[in-house]
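All values below come from the heavy atoms of this structure, side chains included, with hydrogens, waters and symmetry mates left out.
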Amino acid sequence: MRKKKRKKYKREQRSFYFTNLIEVERIYSGSGGGKGKKRERKKKPTEEQIKRQNQLNREKKLRRILLANFEENDLWVLLTYLKGFRTNIKAAKKDFGRFIRMLRREWRKRGHELKWVVRTETGKKGAAHHHLLVNRIPDADIIIKDCWKKIEGAGFSSYRHAYEEGGFKRLAYYITKPSEKEGEESNYSRSRNLIIPEPEITRALKKEMENPPEPLPGYYIDESSVIMGINPVTGCEYQYFTMYRIKPVRMREKPERMQEGG
């Protein structure tokens, strides 16, 4: 079946809905600079600008994945190797593959599907370790400890509760940040069962993009999240902001949809 072609707007609003917040992007994508405006001249981005923008895009994509799949108080785990035990990144990733298969079986035994995101790296002294985010179930810390002990050279495992403030912004940055070691890839892995958020796309109005945004009932806008201006590379106007639910909930329910153009 042919995929239905979506309607395009000159001014487009992309709304990402999560349990306790809504992220909104308003972008002018038509020709010219909008009615009564002259479009700014495009500028060729520098290599540093491209590098920075790619990193911001990686952070944004992962942060939205975290918001769609994890909650505050899920587990942020550090898995280490014994002191003096050395392994390279390739071998460490194979270790993690064996470990995560054991963990998945244990989650399923208890009636849950395991969701995870991991960053494997080496520290300043060359010791490999894994930073792992998993959905929390009863006795999760004990299960993780017991499974990790079965890996050759396994050291200790430590746990912290994931902190959602800022929409997992700090966590997404840490997982996607470039490696500090020269020649080492700064990549991460995730389970295939994670929800990949897609925006609801509607028309944005000219007056909305020219004025400070207004929140939906039951929400407030984080003023520090509001960004308005002209993209120096594309020459087009844009507006970004985030709305937070005044009374946070734990159920993964989608809030009332924003009206078209709003």
S.K.: With a 4.5 Å cut-off on side-chain heavy atoms, are Met102 and Ile151 touching?
M.R.: yes
S.K.: Check whether Ile65 and Leu171 end up in the same hydrophobic cluster, where Ile, Leu, Val, Met, Phe, Trp and Tyr are linked by side-chain heavy atoms less than 4.5 Å apart.
M.R.: yes
S.K.: Is there a path of hydrophobic side-chain contacts, each under 4.5 Å between heavy atoms of I/L/V/M/F/W/Y residues, joining Trp148 to Ile142?
M.R.: no
S.K.: Would you call Glu121-Lys177 a salt bridge at under 4.0 Å N-O?
M.R.: no
S.K.: If you compare all heavy atoms of Pro213 against all heavy atoms of Ile221, which two are closest, and at what distance to 0.1 Å?
M.R.: O-CD1, 3.4 Å
S.K.: After noting the C-alpha distance and the side-chain angles of Glu12 and Arg203, does the key distance pass the salt bridge (Lys or Arg N to Asp or Glu O under 4.0 Å) rule?
M.R.: CA-CA 5 Å; Glu12 189 172 271; Arg203 178 184 288 109; over 6 Å; no
S.K.: Under 6.0 Å from the OH atom of Tyr159, do we count more than 12 heavy atoms belonging to anything else shown?
M.R.: yes
S.K.: In this structure, which one of Asn135, Asn69, Asn193, Asp74 forms a side-chain hydrogen bond (donor to acceptor under 3.5 Å, both in side chains) with Lys115?
M.R.: Asn69
S.K.: Minimum heavy-atom separation for Ile143 and Pro138, please, with both atom names.
M.R.: CD1-O, 4.1 Å
S.K.: Where is the tightest heavy-atom contact between Tyr220 and Arg245, given as atom of each residue plus distance?
M.R.: CE2-O, 4.1 Å
S.K.: Pick out which of Asn20, Thr19, Leu21 makes a side chain to side chain contact (heavy atoms under 4.5 Å, CB included) with Pro248.
M.R.: Asn20
S.K.: Measuring from Gln13:CD to Gln239:CD, what's the distance to the nearest 0.5 Å?
M.R.: 8.5 Å
S.K.: Can you name the nearest heavy-atom pair linking Cys147 to Leu103, along with the distance?
M.R.: SG-CD1, 4.0 Å
S.K.: If we only count heavy atoms from C-beta on, is the Arg119 to His130 side-chain gap below 4.5 Å?
M.R.: no
S.K.: Between CE of Met228 and CE of Met209, what distance do you get to the nearest 0.5 Å?
M.R.: 8.0 Å
S.K.: Between the side chains of Glu47 and Lys51, is the shortest nitrogen-to-carboxylate-oxygen separation below 4.0 Å, so that they form an ion pair?
M.R.: no
S.K.: Start with the C-alpha distance between Leu132 and Phe99, add both sets of side-chain angles, then the distance that settles side-chain contact (heavy atoms from CB on, under 4.5 Å), and finish with yes or no.
M.R.: CA-CA 12 Å; Leu132 172 68; Phe99 162 76; 3.8 Å; yes
S.K.: Shortest non-hydrogen contact from Glu210 to Lys206?
M.R.: OE2-NZ, 2.9 Å
S.K.: State whether a side-chain donor-acceptor pair under 3.5 Å links Gln55 with Arg52.
M.R.: no
S.K.: Enter the distance from Thr202:OG1 to Arg26:CZ here, rounded to the nearest 0.5 Å.
M.R.: 8.0 Å
S.K.: Going by atom types alone, do Tyr244 and Thr242 pair a side-chain donor with an acceptor below 3.5 Å?
M.R.: no
S.K.: Which pair of non-hydrogen atoms, one from Glu72 and one from Phe168, has the smallest distance, and what is that distance?
M.R.: N-CZ, 4.2 Å
S.K.: Is there a path of hydrophobic side-chain contacts, each under 4.5 Å between heavy atoms of I, L, V, M, F, W or Y residues, that connects Leu66 with Ile195?
M.R.: no
S.K.: Kindly indicate, with the supporting measurements, whether the criterion side-chain contact (heavy atoms from CB on, under 4.5 Å) is fulfilled by Lys93 and Val118.
M.R.: CA-CA 10 Å; Lys93 287 183 177 180; Val118 68; over 6 Å; no
S.K.: For Tyr163, look at atom OH and say whether over 12 heavy atoms of other residues, nucleotides or ligands are found less than 6.0 Å away.
M.R.: no
S.K.: First locate atom CZ of Phe241, then atom CD of Glu25, and finally report the distance between them rounded to the nearest 0.5 Å.
M.R.: 10.5 Å
S.K.: Quick one: do Glu200 and Arg14 make a salt bridge, cutoff under 4.0 Å?
M.R.: no
S.K.: Which one of Leu79, Leu82, Thr80 satisfies the side chain to side chain contact (heavy atoms under 4.5 Å, CB included) criterion with Phe156?
M.R.: Thr80
S.K.: Mind checking whether Val24 and Leu216 sit in one hydrophobic cluster, side chains of I, L, V, M, F, W, Y counted as touching below 4.5 Å?
M.R.: yes
S.K.: For Arg170, is the CZ atom crowded, meaning more than 12 foreign heavy atoms sit under 6.0 Å from it?
M.R.: no
S.K.: Looking at Lys109 and Glu106, is there a salt bridge between them, counting it only when a charged N and a carboxylate O are closer than 4.0 Å?
M.R.: yes
S.K.: Once you round to the nearest 0.5 Å, how far does CD of Glu71 lie from NE2 of His161?
M.R.: 12.5 Å
S.K.: How are the rings of His131 and Trp76 set relative to one another: parallel (under 30°), tilted (30 to 60°) or perpendicular (over 60°)?
M.R.: parallel
S.K.: If two hydrophobic side chains count as joined below 4.5 Å and joins carry through other members, does Tyr188 share a cluster with Ile100?
M.R.: no
S.K.: Please walk me through it: do Tyr173 and Arg63 pass side-chain contact (heavy atoms from CB on, under 4.5 Å)?
M.R.: CA-CA 8 Å; Tyr173 165 75; Arg63 181 169 50 78; over 6 Å; no
S.K.: Kindly state whether the ring of Phe96 and the ring of Trp116 have centres lying under 6.0 angstrom apart.
M.R.: yes
S.K.: OG of Ser191 to CH2 of Trp107: how many Å apart, nearest 0.5 Å?
M.R.: 11.5 Å
S.K.: Below 4.5 Å, heavy atoms only, C-beta onward: do Tyr81 and Arg86 meet side chain to side chain?
M.R.: no
S.K.: Is it the case that more than 12 heavy atoms not belonging to Lys60 sit under 6.0 Å from its NZ atom?
M.R.: yes
